[in-house]
Amino acid sequence: MLTDARPIDLPTPEALVRELSARLDGFQDIAWPASTGSTNADLLARARHCSGPWLLGTHQQAAGRGRAGRPWQNRIGATLMFSCAFPVRMPPHRLPALSPLAGLAACEALRSLAPDAGALRVKWPNDVQWHDAKLAGVLVESTRNLALPDTYTIVIGMGVNLTDADQLSQRLGRSVADWATVVEQTGSPAVSVADIVCASANAWRQAVRDLETAGFDAFRQRFSAIDALAGRDINVIDQGAVLFSGTAQGLDEHGRLLVQTPQGLVPVSVGEISIRPRTAERAP
C-alpha cells in the first residue's frame, strides 16, 4: 500500500480550481476533487454528453490505469494527475493518431516551461521521457458523443512525476524521472502545478483541433524533432514476447511507428504493444 507523501507545490483542490478556472478560457467544466478512482474513467462516464472541453484532476487516484489497463497508484503530492475531454469530429480511421499526438503536445508543453530541457522527448506512442527515464505517462480513450451528431469525445489523461523518482526507479526496476530533476539539471525556473496543467490542456486542445482539419501528416515533422526512438535499434514487444526487431524510422501519416526490418519497413499501430530500446545508450 502506498502511503501519503507531503504534497510538493500542490495547492488545495479548491485553490487549484479557482486558478485554473481563471486561466483556462473555454473550458466549460473544471473540477479537482481530493481523490477519485480515475480521472479518465470519471470523464468517460460523462463523455457521451460532452459539449465542450472539460478538465478533471485529483490529488490521488485509487484506480488509475496505464496502458493496456495496467493498474497504477500514486502518492499524494508526488504525482500530478489530470484528464481533459474534447468533443471532436473526425473519421474513425484518424482516432489512433490521437495517442502519439497527445504525447507530442504534452512534451511540447513541458518543454515550453523548461526552455533548456532538450532531453525531454517522446517514446512512441506517448511516454514523455527525460533522457531515457519516464517522466510522464499519457492515456487516450474515446467514445461516441450522443450530444453532438457525428462526434466523438476524446479523453486524454496524464500523470507527471513531480518527485520521488529514485524510489520509483528502485521499486519498478527501471529508470523513472521527475520534474524536480528536470528543473535541477537544467536550471529552469520553478513553475507551478497550474502552469503545467494549463500548458498541457491548451496544447491538447489546439492539437486536437489541428488533427480535425489537417490529419496527423501535419505533425510528423514536429514529432521527429522530439522522437526518442528515431534511428535506434528496438524490439517490438507484445505480452512479453518479442514480435520482431529493427530500427525506428519515425512515424507515418497515420501516427504509426515505422520500423525498418530485414524484411522491409513495418508500420506498428497504437495498441497493447510496447516499444523498448534494444541498446542501453541514452538519447542524445
Side-chain angles (χ1 to χ4, degrees), residues 1-11 13 16 32 34-36 38-40 56-68 70-84 102-114 116-140 156-201 203-204 226 228 274 276 282-283:
M1 177 66 66
L2 296 174
T3 58
D4 290 356
R6 183 177 179 179
I8 299 190
D9 297 326
L10 198 60
L16 196 48
W32 202 286
S35 64
T36 190
S38 161
T39 55
N40 258 45
L56 175 65
T58 187
H59 282 10
Q60 185 174 42
Q61 289 190 148
R65 293 165 295 132
R67 290 179 57 211
R70 298 182 183 91
W72 181 85
Q73 289 183 299
N74 71 285
R75 303 201 314 168
I76 294 176
T79 309
L80 175 60
M81 298 156 297
F82 57 98
S83 300
C84 294
L104 165 67
C107 186
E108 290 180 339
L110 294 177
R111 278 184 162 212
S112 73
L113 301 174
D116 295 325
L120 280 174
R121 299 192 176 191
V122 179
K123 174 188 170 187
W124 185 92
N126 52 31
D127 281 349
V128 180
Q129 295 187 328
W130 173 244
H131 295 285
D132 277 343
K134 184 173 179 177
L135 172 69
V138 178
L139 179 64
V140 181
I156 306 173
M158 182 164 70
V160 183
N161 299 320
L162 298 177
T163 187
D164 282 0
D166 290 341
Q167 296 93 316
L168 285 170
S169 297
Q170 184 175 7
R171 181 165 63 86
L172 298 175
R174 56 182 173 82
S175 296
V176 176
D178 57 35
W179 187 252
T181 300
V182 175
V183 171
E184 178 183 1
Q185 294 185 359
T186 62
S188 299
V191 298
S192 69
V193 163
D195 291 331
I196 296 175
V197 175
C198 289
S200 303
W204 286 335
I226 56 174
S274 62
R276 298 177 182 173
R282 299 174 67 88

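Nothing here was measured: the structure is a model prediction, and the numbers come from that model.
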Working to the nearest 0.5 angstrom, can you tell me the gap between [X] [atom1] and [Y] [atom2]?
X: Leu120; Y: Gln129; atom1: CG; atom2: CD; answer: 10.0 Å
X: Thr163; Y: Leu10; atom1: OG1; atom2: CG; answer: 12.0 Å
X: Asp127; Y: Met158; atom1: CG; atom2: CE; answer: 11.5 Å
X: Asp116; Y: Gln185; atom1: CG; atom2: CD; answer: 12.5 Å

Evaluate the side-chain proximity of [Y] to [X]: yes if any heavy-atom separation is below 4.5 Å, no if none is.
X: Arg174; Y: Lys134; answer: yes
X: Trp32; Y: Leu56; answer: no
X: Asp164; Y: Asp178; answer: no
X: Asn161; Y: Thr79; answer: yes
X: Arg111; Y: Ile226; answer: yes

Shortest non-hydrogen contact from [X] toward [Y]:
X: Ala228; Y: Arg121; result: CB-CB, 3.9 Å
X: Ser35; Y: Thr58; result: CA-OG1, 3.2 Å
X: Leu162; Y: Leu80; result: CG-N, 3.9 Å
X: Met81; Y: His59; result: CE-O, 3.4 Å
X: Val176; Y: Ala133; result: C-CB, 3.7 Å
X: Val128; Y: Ala106; result: CG2-CB, 4.2 Å

_Working for side chain to side chain donor-acceptor pair (under 3.5 Å), residues Ser192 and Asp195_ = CA-CA 5 Å; Ser192 69; Asp195 291 331; 3.1 Å; yes
*Applying side chain to side chain contact (heavy atoms under 4.5 Å, CB included), run through Trp130 and Leu110 and close with a yes or a no.*
CA-CA 11 Å; Trp130 173 244; Leu110 294 177; over 6 Å; no
_Residues which pass ring-ring contact (aromatic ring centres under 6.0 Å, His included) with Trp204, listed by chain and number, not counting sequence neighbours_ = Phe82
